[in-house]
Amino acid sequence: MEKTPSKLSGYFPPDASGEKEMFLGCSISLSPLQELLICKCYDETETLCNCLQTDYHFEYTECDSSGSRWRVAVPNPSVECSGLPDPVKGKECTFSCASGEYLEMKNQACSKCAEGTYSLGSGIKFDEWDELPAGFSNVATFMDTAVGSSEGKADSCNNSSWTPRGNYIESNRDDCTVSLIYAVHLKKSGSVFFEYQYIDNNIFFEFFIQNDQCKEMESTADKWVKLTDNGEWGSHSVTLKSGSNILYWRTTGILMGSKVVKPVLVKNITIEGVAYTSECFACKPGTFSDKPGASGCQVCPRDTYSEKGAKECTKCKEEMYYAEEGSSACIERPPCTSKDFFQIHTPCDKEGKTQIMYKWIEPKICREDLPGALTLPPSGERQDCPPCNPGFYNNASSSCTPCPPGTFSDGTQECKACPAGTEPALGFEYKWWNILPGNMKTSCFNVGNSKCDGMNGWEVAGDHIQSGAGGSDNDYLILNLHIPGFKPPTSVTGATGSELGRITFIFETICSADCVLYFMADVNRKNTNVVESWERNVSTSLCLGRQFINDMAKIYSITVTNAVDGVASSCRACALGSEQSGSSCVPCPPGHYIEKESSQCKECPADTFLSIHQVYGREACIPCGPGSKSTKDHSACYSDCLVSYVKDNQSLNYNFSNLSQVGSLMSGPSFTSRGTKFFHFFNISLCGNEGKKMAICTDNITDVTLKDMVAESEDFSNFVGAFVCQSTIIPSDSKGFRTALALQSNSLADRFLGATVETTLENISIKADMFPPSPIKIPDVHFFYKSSTVTTSCENGRATVVAMRCNPNKPNQGELSVPSSCPAGTCDGCTFYFMWESAEACPLCTEQDYHEIEGACKKGFQETLYVWNEPKHCIKGVSLPEKRTSPCETVDFWLKVGAGVGAFTAVLLIALTCYFWKKNQKLEYKYSKLVMTTNSKECELPAADSCAIMEGEDNEEEIVYSNKQSLLGKLKSLATKVSILLKWVS
């Protein structure tokens, strides 16, 4: 490791008067580290000793405006002498030696570095990280000062720093902001280069440069460092200007929940542009330089070691010790155990037998001659070969060969042709592991760049394939499966949205500590992305990233469907041409299924979508949910923003078209356990747009324009398009960034299920008390969505419910909200709930939503007005009828006639009622008299002329003869007849 030259110009002792001597008009300044040194000879005269060559060294003064400088002699620390050499003219300020050379200050000439040392010439390289090199410093702060005591948070970051780890330096893992700083003064323009690993977007990694005025340089405008793939080292380089350059490597962790942040690793920092180096630097332990003029050191091979500044590597005593590549010491060999060897199966012979062979894990590091050590088991045991994998057959030979095109086999029987009306189901199914399949390969990769490429990462073991031993801890053991491409069955070649292919595997990990099994995809050899990963001990291109050499993963089966150049273990039905039943398979148009009876393509019925898994039979067409319709190609269901609801003969129709634009909601703020402020940001694409997912969420949304993201969407891994998506926003004032940051973007809804006033659909429910009750009787309309992305905590994927509520007081887009009990929009992390209140969510107006008001007749005319019912709870729909004016004379006349007839009829009825009541009273009286008379004289009737009328009573039953009786007379006559009849009956 090289050091920058000192800025000191040298020192000259004062004369007797105490004044500094001036040489050639050049004033020499001193730093505190090089104080006044006076040489004294402790004899009787107390005179200064003459300086020897070993008592001082040479340095250059600062460059003047003309680019010149002087070489001066500077006493070494703790040395007291006199008679330093005079200053001489120095090399020009831009002078530098070539790599492998250094500037010998005595002669001011370049010389080659000796064996065991190296030099970059005009560069500085930091490749040894056992401790923090001189010149580097750590500054840790907690940038969020919005909540709580800033002093307490600053103290909480005292233990946060970049940590040296031998070959590299590791960043912090917490939510503190930690800067690794190095200052360098360049005499000419140069560059800085470093290698890094940055795999976790929950930690922000910046590299920028400032000048001595703390102003960022233009060369670091793009200061955000790109993510790297797992296990791979990326590189970053920036040009440097002459003068002072302060380099910053800054990381800030974002802790959300209990997930641990994976740190950033940095190594091999190289700075070019230093004017000169006055010395060569010793090779670090584990490396050597065996020739003069070396610009770098070589790594010691395995089973050798070296100390610092070695010219060659020393061999270990191989019987007792071993050493990894690049070791600084030998390690004692341990006793052999069962984990130091493995078994393999030989290829099958002509007799269908395989031999079990045992081999030591290479390189062998254990000893068999120690007490308790195991020896290698004997090899050669013969066993029956396992059957061929499906789609292969041995054909009485010792090896399995793939079935010819158009045929299939389960691995135990001969290959047979598929029947008419079917086609081979092409793919790969590996469940027997006697040999490694031809389209698979295995390798070993180490983070520290140790060479394990020649070792097998995985080994076959009969009924499974397991990860090998590799070469050391922290290896990446890679199993690569090459698939030329995916081709769907012929019948669904033209279908949109159908499943192209599927990869399924059953595995198990056995780990003594943290280990991760990564499933990665490399598309067209452009870049490798992690599709999924599983940590710790679980049972359910593959790469095992492990911490210890004994960690292991086992894969029992791998199945790939619809693979190009694949083999078939079965046949599937296909659509036939319409000309004849024996014709070959033909592709069905989009949205068509295969009819079982005729094997013909039939279009799915309206408002159904075609299953992505199979197209055989009418059941392949799945009905859309309520309030939804299918796309033209029957690939999915979507909402056209129109929803109808009928209950108790009342019809409510909704039109949410004005809410089809993406709605946004920022909930929060929320705070991490350390007080970092963040917000949950949601985008919702409710309906319309022909089923397109218009909601977009991205990471670092403020740093990348939407236009750029859409243009590069294929390569932008953090671009999410869905019906509902979510991002976590860190405001710019929360962590000291110049712009807000977005991270953890994910899809909450990529499939529309339906829209209904019911609270449950497809096992997704919204509780009645999730939101405050509506003050009006208009029911809420619930939009149900589903996400197909499965997570560890959400085994069935995420779900989203958007409740649309009519609120006439909130026009236009209205307002989005989340439940008060779940401020993040979800209470369990899997089901999200939103309330969208707007006047646009009210039902369409109908004739029942208004009434008419009739005015008084004025000048023979009457006006009829129509007004909405208050309060109005509808929009659009039918319009209010226009004001109506009509003549009112005829209506007034008949109204008067009707009123007169009604009044007369009422008076008549009252009079008749009174008359009959009085008559009835008289009849009762007469009847009671008659009964009393009868009881006094038995069987004696009253005289006929009296008719039971007592003396003094008026005879009101006079008979009036008239040729024409009046109405009143008729009534009186009727009453008389009734009275006589009653008497007679009595």
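Below, all heavy atoms of this structure are taken into account, side chains as well, without hydrogens, waters or symmetry copies.
Looking only at side-chain heavy atoms (C-beta outward), Gln53 and Lys106 come within less than 4.5 Å of each other. The shortest distance between side-chain heavy atoms of Phe208 and Val238 does not fall below 4.5 Å. Annotation: side chain of Tyr198 is in contact with side chain of Ile203 (closest heavy-atom distance under 4.5 Å). Proximity of Phe136 to Trp129: side-chain heavy atoms (C-beta onward) are separated by under 4.5 Å at one or more points. Put simply, the side chain of Tyr182 reaches to within 4.5 Å of the side chain of Ile271, judged on heavy atoms. No side-chain heavy atom of Cys366 sits less than 4.5 Å from a side-chain heavy atom of Thr337. Between Val79 and Tyr56 there is no side-chain heavy-atom pair separated by less than 4.5 Å. Taking the side chain as every heavy atom from C-beta outward, Lys91 and Tyr60 approach each other to under 4.5 Å.
Remark: of the listed residues Asn268, Thr270, Val266, Ile269, Ile269 is the sole one forming a side chain to side chain contact (heavy atoms under 4.5 Å, CB included) with Phe126.
When all heavy atoms of Ser467 and Leu477 are compared, the pair lying nearest together is CB-CD1, 3.8 Å. Minimum heavy-atom separation, Lys284 to Asn167: NZ-OD1, 3.6 Å. Closest heavy-atom contact between His185 and Ser244: ND1-OG, 3.2 Å. Among all heavy-atom pairs drawn from Ser235 and Phe193, the shortest one is CB-CE1, 3.6 Å. Between Leu132 and Pro164, the shortest heavy-atom contact is N-CG, 3.6 Å. Of all heavy-atom pairs spanning Tyr321 and Cys330, the tightest one is CB-CB, 3.8 Å.
Not one N or O on the side chain of Asn107 forms a donor-acceptor pair closer than 3.5 Å with the backbone of Met105. No donor-acceptor pair under 3.5 Å is formed between the side chain of Arg71 and the backbone N or O of Pro87. Looking at Gln108, its side chain does come within 3.5 Å of a backbone N or O of Lys89 through a donor-acceptor pair. Using modelled atom types, no side-chain atom of Lys125 and backbone atom of Leu120 make a donor-acceptor pair closer than 3.5 Å. Of the possible polar contacts, none joining the Ser306 side chain to the Pro285 backbone as a donor-acceptor pair under 3.5 Å is found. Not a single donor-acceptor pair under 3.5 Å links the side chain of Ser179 to the backbone N or O of Tyr248. Distance alone, capped at 3.5 Å, places no donor-acceptor pair between the Asn480 side chain and the Thr442 backbone. Side-chain atoms of Asn76 come within 3.5 Å of backbone atoms of Thr54 as a donor-acceptor pair (strictly under, hydrogens ignored). Looking only at distances, no side-chain donor or acceptor of Arg333 sits under 3.5 Å from a matching main-chain atom of Glu368.
We find the OG-OH distance between Ser327 and Tyr322 to be 8.5 Å, quoted to the nearest 0.5 Å. Rounding to the nearest 0.5 Å gives a distance of 14.0 Å between CD of Gln298 and OH of Tyr118. Between the CD1 atom in Ile124 and the OG atom in Ser119 there is a gap of 10.5 Å [rounded to 0.5 Å]. With rounding to the nearest 0.5 Å, the separation of CD in Glu128 from SG in Cys283 is 10.0 Å. The NZ atom of Lys267 sits 13.0 Å away from the CZ atom of Phe194 when rounded to the nearest 0.5 Å. The OG atom of Ser137 sits 7.5 Å away from atom CG of Leu180, with the distance rounded to the nearest 0.5 Å.
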* Do Leu247 and Leu240 pass the side-chain contact (heavy atoms from CB on, under 4.5 Å) test, and can you show the C-alpha distance, the side-chain angles, and the key distance before you say yes or no? -> CA-CA 10 Å; Leu247 314 181; Leu240 301 177; 4.0 Å; yes

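Within a 6.0 Å sphere centred on NZ of Lys112, heavy atoms belonging to other residues, nucleotides or ligands number 12 at most.
Note on ring orientation: taking the six-membered ring where Trp is involved, the planes of Trp162 and Phe205 are tilted (angle from 30° to 60°).
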In residues 308-320, what donor-acceptor pairs under 3.5 Å come from side-chain atoms, sequence neighbours left out?
none

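In this view, Thr251 and Asn172 satisfy the side-chain hydrogen bond (donor to acceptor under 3.5 Å, both in side chains) rule, not counting sequence neighbours. By the salt bridge (charged side-chain N to carboxylate O under 4.0 Å, His left out) test, Glu170 is found to be paired with Arg165, Arg173, residues two or more places apart in sequence or in another chain being considered.
A salt bridge does not link Glu115 to Lys291: none of the charged nitrogens lies less than 4.0 Å from a carboxylate oxygen.
Here Phe207 and Trp249 bring their ring centres to under 6.0 angstrom of each other.
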